[in-house]
Amino acid sequence: METMGMDEIIRLALERGFFFPSAEIYPKTPAGLWDYGHLGVLLKQKYIQAWIREIVRRDEMILVDGSQILPRDVFVASGHLESFADPVSSCLKCRSIHRVDRLIEEVAGVKVPERTPPEQITALIREHNVRCPSCGGELGEVSLFNMMFRLSVGASGDEAYLRPETCQNLFIDFPRIYKISRRKLPVGFAQVGKSFRNEISPRQSLTRLREFYQAEVEVFFNPAKANELEKFERFRDYPLRLYFDEELHITTCGEAVESRIVSSRLAAYYLALIQSFYLKLGIPEEKLRIRRLLEDEKAFYAVEAWDLEVLTSIGWMELVACNNRGDYDLSGHARVSRADMQVFEDGEKFTPHVFELSMGVDRSILALLDLGYRVENGRTVLKLHPALAPYTAAVFPLVDKPELVSKARELYESLRLDMDVFYDESGSIGRRYRRQDEIGTPFCITIDYQTLEDNTATIRDRDSMQQVRLPMHEIPSYLGGKTKL
RNA sequence: GCGGCCGUGGUCUAGCCUGGGUAUGACACGGGCCUGCCACGCCCGGAAUCGCGGGUUCAAAUCCCGCCGGCCGCACCA
């Protein structure tokens, strides 16, 4: 048994249409844009359904679906307009682009403060005679490269941006949704949708995209009560796989909070919730860790930051960012919009703090494919959890004979509106099994001559290749039971 | 963006150095025969303006230039 390399996953994704480069017939299409084909869409939908079941419903969260285009002020308040941009300058001679604040610090030993206007940085370059590190040429005017896509809206061309993270909707919608939800803190708001980032160099297919799906949760809580969480009991003895000081520490939630490794019961609870979600989806325990970010790795808004990472064939891949954002966002929006973002609970008025679980959907799918693809004795098999597999089942007549075909089609017709099933009658039965193995279909139902006599069919399991024989009418409930998470 | 390597049917690839005939092979795919349970066999078929553009030449997948894209490294990365 061996895990296939990432190259093999990409090859199979292209061959079977899980995903492929966008607008591939046009050679000038920018990198970092990918389309999902039928199988990929089914997999993604099921992944999102699992997230809704295991995170949103389990934790009684509130769903939101916000606009992808948001006005400038949102990103003034969020800090993205200033902090999501780097000062860059291109060499007038060799045209290479350099991040100049770091360069000045390196060459001249002068620290350039965050948010220094570009003109002042240009002046610093002239003053300290900073040259291009590649060729020694003169550097041009400094400009800010912002990773947000800028839009101009309507005839007046109002400045707006594609959201670089989905969560801003959850912050700006907070006052209304909080009010109508009739809920007390802590309460999680959840959203799945697209975000957009103008990456300088997107690489490795779905790991770094310019347009990508996030499934985000923002838990709003009273900072004075972060340790008063009744449901914490559920995970008190749950072993977190925490990674810090370059070592894995398997620590129960209770211990992690007592030893102050994790800031609060609330934070530990949500780390446990997200870890248990990925383990349920079938990530092997030893290939999962929750890594504490170093000070200089943390996002500009984070006061505490953990990344859930999974070990794939190309190394540890960050799937979920778990950040304690404090009151950074709500306070920022309150300041810029002058809206009241505070809540009144338990006799006091305060601005809630936020703990977020920001999941990369595309990356998660890539990681699940990477970990699931195997070659076993020459058999290629995609071991996805039955709840995630694009097709739940395939239906075959044993051989291409009219009486078996009509019976098989009858079963297929009875299933196909309620689940994703595939029908195939071409080629040998073995070839059809193997084809389904490759795209992860967990069950193959075969109609044979015995079916005509006693109305039973065989169900073959993808992983064990074993068959069981069941009465036809029991098949839907059998499949339903097997696809539960 | 820089440096190195690379770009040929759906996928992988031969050919490129040492220009020359309807571009090689495998797998995959479609149709047929066969087939009473794991990539069986046989027959037939579709499928590539060789990444894009320009140049050299009687002749370019092959040589030259530019561009685009990919991989790896550097840099960057909420």
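In what follows, chains are A, B, ... by sequence order, proteins preceding strands, each numbered from 1. Because the structure is predicted, anything quoted here is derived from the model rather than measured.
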Just to verify, what does [X] make a salt bridge (Lys or Arg N to Asp or Glu O under 4.0 Å) with, not counting sequence neighbours?
X         : result
Arg416(A) : Glu413(A)
Glu211(A) : Lys194(A)
Glu356(A) : Arg325(A)
Asp307(A) : none

note: Tyr449(A), atom OH; U35(B), atom P; distance rounded to Å ~ 9 Å

Separation of C38(B) atom P from Arg434(A) atom CZ, nearest Å, is 9 Å

For nucleotides 24-30 of chain B, which of its nitrogen or oxygen atoms have a protein nitrogen or oxygen under 3.5 Å away, and what is each distance?
| unit_1 | atom_1 | unit_2 | atom_2 | d |
| --- | --- | --- | --- | --- |
| A28(B) | OP1 | Arg431(A) | NH1 | 3.2 |
| C29(B) | OP1 | Arg435(A) | NH1 | 2.4 |

When the [atom1] atoms of [N] and [M] are considered, how many whole Å apart are they?
N      : M      : atom1 : result
C65(B) : U56(B) : P     : 15 Å
C42(B) : A48(B) : C1'   : 28 Å
C16(B) : G51(B) : P     : 16 Å
U62(B) : G7(B)  : C1'   : 14 Å

For Ser263(A), enumerate each residue passing the side-chain contact (heavy atoms from CB on, under 4.5 Å) test, keeping only those at least two apart in sequence or located in another chain.
Ala267(A), Glu304(A), Asn324(A)

Set of side-chain hydrogen bond (donor to acceptor under 3.5 Å, both in side chains) partners for Arg460(A), sequence neighbours left out
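Scan of Arg460(A) (side-chain hydrogen bond (donor to acceptor under 3.5 Å, both in side chains), adjacent residues dropped) gives Asp437(A).
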
Does [X] reach a base, just sugar-phosphate, or nothing at all? Heavy atoms under 4.0 Å.
X         : value
Thr458(A) : base
Phe396(A) : nothing
Ile429(A) : sugar-phosphate
Phe75(A)  : nothing

Do Arg409(A) side-chain atoms and Leu404(A) backbone N/O form a donor-acceptor pair below 3.5 Å?
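Checking the backbone N and O of Leu404(A) against the side chain of Arg409(A), no donor-acceptor pair under 3.5 Å is found.
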
Backbone N or O of Leu288(A) within a donor-acceptor pair of the Arg241(A) side chain at under 3.5 Å?
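Answer holds: yes.
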
Kindly indicate whether the side chain of [X] and the base of [N] share any N or O donor-acceptor pair separated by less than 3.5 Å?
X         : N      : answer
Ser428(A) : C38(B) : no
Asp437(A) : C38(B) : no
Arg460(A) : C37(B) : no
Arg208(A) : C76(B) : yes

Just to verify, what does Tyr36(A) make a ring pair (Phe, Tyr, Trp, His ring centres under 6.0 Å) with, not counting sequence neighbours?
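With sequence neighbours excluded, Tyr36(A) shows a ring pair (Phe, Tyr, Trp, His ring centres under 6.0 Å) to no residue whatsoever.
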
Along RNA chain B (nearest heavy atom to each residue), the more 5'-positioned of Ile314(A) and Tyr433(A)
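Taking each residue's closest nucleotide, the earlier one in sequence belongs to Tyr433(A).
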
Can you list the stems that include RNA chain B, where a stem is three or more consecutive Watson-Crick or G-U pairs with distances under 3.5 Å?
B:1-7 with B:68-74, B:10-12 with B:25-27, B:29-33 with B:41-45, B:51-55 with B:63-67

